[in-house]
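Fair warning: this is a prediction, and the values are worked out from it, not measured in the lab. Ligands are counted one by one from 1 in listed order, and the atoms in each one are counted from 1 as well.
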Amino acid sequence: MLEIEGLRKRYGGTVALDGCTFTVAPKRLVGLLGPNGAGKTTLMRCLLGLVVPDGGEVRWLGAPLDGDRGRRFGYMPEERGLYPSMRVAEQVRYFAMLSGLPSAAAAEATTGVLHRVGASDLSERRVEELSHGNQQRIQLAVALVHDPEILVLDEPFAGLDPLGVDQFGALLLDLAADGTTVLFSSHQLDLVQHLCQDIVTIDRGRVVLAGELEQLQRATAHRRVTVVFAEPSTTAWTTGLPNITVERADDRHVQLRLEADSDPDHVLRAARTAGSVLRFDYEPPSLEELFREAVGR
Ligand code: ADP
């Protein structure tokens, strides 16, 4: 378990972290969310020891983290740090040796990690020749070559096409399942909703929403109902239904927001008075809605 407790960091008059507290469970893929300027990068840098917080503590397996961060953490920064003209295996081996592995062990670790990220066949290619998705794999290999217990990634999905997102997401899920604790930041909420069991949302340096996504969704009072009619219809049938707001409507689709005490049966009965109902979906709010509510804008 990675525990972050009361982290504070100020840059002059700017408060970047304002008592940030949450835990990251092992074997879970955790999405770190927050608007621009929320403090995500500062938080990750504090975890890695690249920024010294003004207060608070980071604990791993119950003990405060100190000088052993380099060994325990793997980091994939947003700005890619690869050498474009160097060959892949040579590059990964170089970073392995920088992390302290002797030459033979670095070579062995390189072969192992390239296999792990599905890039064995790229060993002799130059980084500049690779697609963005494959460069990401190599960047991940560099972050993993010393076999860290905790992997921290800053916007790892930025710029990847949908196929690249799927492949990279599958890699992170495998790593988490194998026991690595994985925390990554992202602005792509649909992707985080799809991939992560747990999320942490920070805003203005504080945690505003954290926990298991399903539980957070269940705990929210309101629900979303989408009604699809067989024939064009209006929304006149919704008038008078208590605690309901029409969010979106076109000729056959109506999307409604139901507050806690509204009854979906009642809504369905009302919809049927307006026409033949092809589909009736009753869902908890999406991560995007939870996020908007938590950051209040
Ligand atoms: P995020 O990654 O969520 O966008 P950051 O951690 O980069 O947020 O920034 C949090 C706040 O701290 C912002 O207001 C940012 O301008 C400020 N900040 C971050 N790093 C520095 C720095 N090195 N010097 C001054 N201000 C900084």
Inset, instruction - Could you establish whether P35 and ligand 1 come within less than 4.0 Å of each other, counting only heavy atoms on the residue side? - result: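 Per 4.0 Å heavy-atom rule, P35 contacts ligand 1.
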Legend entry - Sub-4.0 Å heavy-atom contact, G39 with ligand 1: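 It does, in that a heavy atom of G39 comes within the 4.0 Å cut-off of ligand 1.
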Taking the basic N atoms (NZ, or NE/NH1/NH2) and the acidic carboxylate oxygens, is any pair closer than 4.0 Å for [X] and [Y]?
| X | Y | result |
| --- | --- | --- |
| R45 | D154 | no |
| R8 | D54 | no |
| E293 | R257 | yes |
| E283 | R224 | no |
| K40 | E155 | no |

Protein heavy atom at shortest distance from [atom]:
| atom | answer |
| --- | --- |
| atom 14 (O) of ligand 1 | T14 CG2, 3.4 Å |
| atom 20 (N) of ligand 1 | Y11 CE1, 3.3 Å |
| atom 5 (P) of ligand 1 | T42 OG1, 3.7 Å |
| atom 11 (C) of ligand 1 | G37 O, 3.7 Å |
| atom 2 (O) of ligand 1 | T41 OG1, 2.6 Å |
| atom 12 (O) of ligand 1 | A16 CB, 3.4 Å |

Inset, instruction - Find the distance between CD (E129) and OG (S85) and round it off to the nearest 0.5 Å. - result: 10.5 Å
Inset, instruction - Just jot down the ligand 1 atoms closer than 4.0 angstrom to any heavy atom of K40, in number order. - result: 1 (P), 2 (O), 3 (O), 4 (O), 6 (O), 8 (O)
Inset, instruction - Find out if a path of hydrophobic residues (ILVMFWY) with successive side-chain heavy-atom gaps under 4.5 Å connects V88 to M76. - result: yes
Inset, instruction - For the pair S186 (side chain) and Q188 (backbone), establish whether a donor and an acceptor sit closer than 3.5 Å, ignoring hydrogens and angles. - result: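 Yes; at least one donor-acceptor contact below 3.5 Å.
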Legend entry - Any N or O of A38 closer than 3.5 Å to N or O of ligand 1: yes
Legend entry - ligand 1 N/O within reach of N36 N/O, cut-off under 3.5 Å: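 Not met; the criterion fails.
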Inset, instruction - Look at atom 7 (O) of ligand 1 and say whether a protein heavy atom is found at less than 4.0 angstrom from it. - result: yes
